[in-house]
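Here's the structure, in structure tokens; my notes come after.
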Amino acid sequence: MEPRNMRALMSSSLPDADDAVPEREGMKAFLLVYTRRYGMAKEDAGEKLSKIRHSMAHVMAEAVLQMFPTAQITIGPAIDNGFYYDFDLPRQLVNEDLEEITTRMKAIIAEGKPFVRRVVSRAEAQKQFADQTYKLELLEAIPEDEEVSLYSQGGFTDLCRGPHVESTKELKADAFKLMSIAGAYWRGKETNPMLTRIYGTAWENAKDLRLYLQHLEDVEKRDHRKLGKELDLFSLHEEAGPGLVYWHPMGARIRQAIENFWRSEHYANGYEMVYTPHLGRSWLWETSGHLGFYKEGMYPPMEMDKSDYYVKPMNCPFHIMIYKNSKRSYRDLPFRWAELGTVYRYEKAGAMHGLMRVRGFTQDDAHLFVTPDQMNDEILEVLRFSLHMLQAFGFTEINAYLSTKPEKSVGDPARWADATEALRKAIVAEGLSYEIDEGGGAFYGPKIDLKIKDAIGREWQLSTVQFDFNEPERFDMTFVDKDGVEKRPYMIHRALLGSIERFFGVLIEHYAGAFPPWLSPEQIKVIPVGETFFDYAKELEGRLRKEGFRVSADLGDDRMNAKIRNAQQQKIPYMVIIGEREAQNDQVSVRLRTGKQENGLSTQAFIDMVKQKVESKQQL
RNA sequence: GCCAAAAUAGCUCAGGGGUAGAGCAGCUCACUCGUAAUGAGCAGGUCAAGGGUUCAAUUCCCUUUUUUGGCUCCA
């Protein structure tokens, strides 16, 4: 199986980190901000900008050809926030080259040359690009019935469908910036030559460019890797194995808060918890099909007693073993079995990214085994449950993506149709906006993915609900129906948060490290104004801890101002300042992380206030 | 995996062919301190690992490891 398909297999049956491409998503989000600001329809704004960007790409190509007359030009489209152009160059580029290219681009823009479109014959185009082998290849690929057009500005001509701006006068020399140099395969295929890609961002005017660059800074400030270090939440250790996450005490507190909530919600919604091993004999993975389809995504086997054992990349075969442990009746179904199962997958070295793409992660996995009669209700319920969970974590903007049957697939087409329809009906019933990815399902079943938007508009895929027509067959799963006949149950994989590691990363970025009190690793910091009040601070700390809060008193020899600063930098939501007045009157002076001040509060009133916040899961 | 850049104290970074420096954090001491950094002192590094060039390498070259940004947006 092609690697791409294997990835599809994986990502479908469990919520995978595959869809996390934060930077790109961020750019999309920025476009939305832009359109909102200008009150334009998204398409209009997009079209105008994309003309500017595409034209900017041509200007850049002209500049690069000035510097490297022998350069081979390839393609240069407009993209979400700018443009790129891929070149085959006589030498590697360095960052200083970008400066020269920028200077030349500005000069070209200053010339104010018009963009001229010409429709030409194929022969003429071939003549034009006689020494541009990639262009000739592109030319070949243009269908016979399509016309071939050239765009020129100044001395530069490109094979191009357009459209472009009228003239380089419409481009602003102070509204673009070359961002980076990257390698990119010709036509994105690993077997093709590696080209040099130059990325740039371009906007209508300097102000928009500045806005965009500010947005990038904001993204950087929220980076979970940076905040993870600053707040001492987690670490990764190259020497101990890349892509494997260490949760520090403060990170573990957050994880506990997440997991405790997760478990209680699951029990409240009719799930049972199961625990399964981390390893399975090759028999298990041969039966499930993973060794056939997904071997390259798995850690290599370890041999023991003449058998190969594999660390699990998924939990499903284990849950199936539990199912098959007894003869199952229609009366037993549905089963809803959940597990926070830690799985290990071999991610390519270059693919790893902080917590977002790792080699060991914990899925908030569950498998539903249902009769055909129960399917509709179960799907509706699992979707409702999913939305409920996401909303509890502060994600209110949620979009659904429905992936349907691909050409190559297993399972009865009638079952595919029923399952897909069940998914679609559930989306509609929940009033979600959705897109259909026709043929985008895995070979073994249709699925719904849910993507949330974070605080700065970036989309992240979290939940996934996925039918599986493959494994029940392979494991010959059955239940005895009313009529005494053994039948095949429907099997549904689902994860609500995706992976705990990645979800944690998303939470960190969403809240920029300032978690709502119910998730804050440290909810309250008690800060005495001076050493005289250390005893009282300790007493208050004990009292608050008994109330169930995550609290500590700062009894270091820093001065109060420094203690406040430290607590503030740790983004602790409540700072309780105590001194003479408070100790005398059983009061607290509260400084919120937001800077807001609540002085002279009775201690009990403060406790009630924080409890209310924690229980309601509200942000400060 | 491929292209490129990077790796110096716990963290953030400076430096540079003659075996390293700052700020913060840490440790010690002093300080009766009310809403974002009290002061002084001490300690801290095989300059990622291995190899090469050189009288001399942390600095230049090569390899390896890891990290970062890309590798989907179609003339």
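Numbered from 1 within each chain, the chains take letters A, B, ... in sequence-line order.
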A:Y401 ring centre to A:K451 NZ or CZ under 6.0 Å, with the angle to the axis within 45°?
-> yes
Please, what dot-bracket string fits RNA chain B when only Watson-Crick and G-U pairs with both distances under 3.5 Å count, crossing ones use [ ] and pairs to another strand use |?
-> (((((((..((((....[..)))).(((((.......))))).....(((((..]....))))))))))))....
Pairwise P distance, B:U54 and B:G41 [rounded to whole Å] | 46 Å
Testing B:C11, B:C71, B:G70 for proximity to the side chain of A:A182, the answer is B:G70
Nearest of B:G69, B:U66, B:C73 to any side-chain atom of A:I79?
-> B:C73
Heavy atoms under 4.0 Å, any strand shown: does A:E147 hit a base, just sugar-phosphate, or nothing?
-> base
Is the cationic atom of A:R53 (NZ for Lys, CZ for Arg) positioned less than 6.0 Å from the six-membered ring centroid of A:W203 and within 45 degrees of its normal?
-> yes
For RNA chain B, the residues among residues 585-599 of chain A that have a non-hydrogen atom under 4.0 Å from it | A:S589, A:R591, A:Q597, A:N599
Going by heavy atoms closer than 4.0 Å, what residues in residues 557-565 of chain A are next to RNA chain B?
-> A:D557, A:R559, A:M560, A:N561, A:A562, A:I564, A:R565
Taking for A:Q569 and for A:G354 the nucleotide of RNA chain B with the nearest heavy atom, the one nearer the 5' end belongs to A:Q569
Mind checking A:E580 for me? I need base, sugar-phosphate or nothing, with any heavy atom below 4.0 Å counting as a touch.
-> base
So which one's nearest nucleotide on RNA chain B is more toward 5', A:M194 or A:F533?
-> A:M194
Considering only side-chain heavy atoms of A:Y84, which listed nucleotide, B:C3, B:G1, B:C73, is closest?
-> B:C73
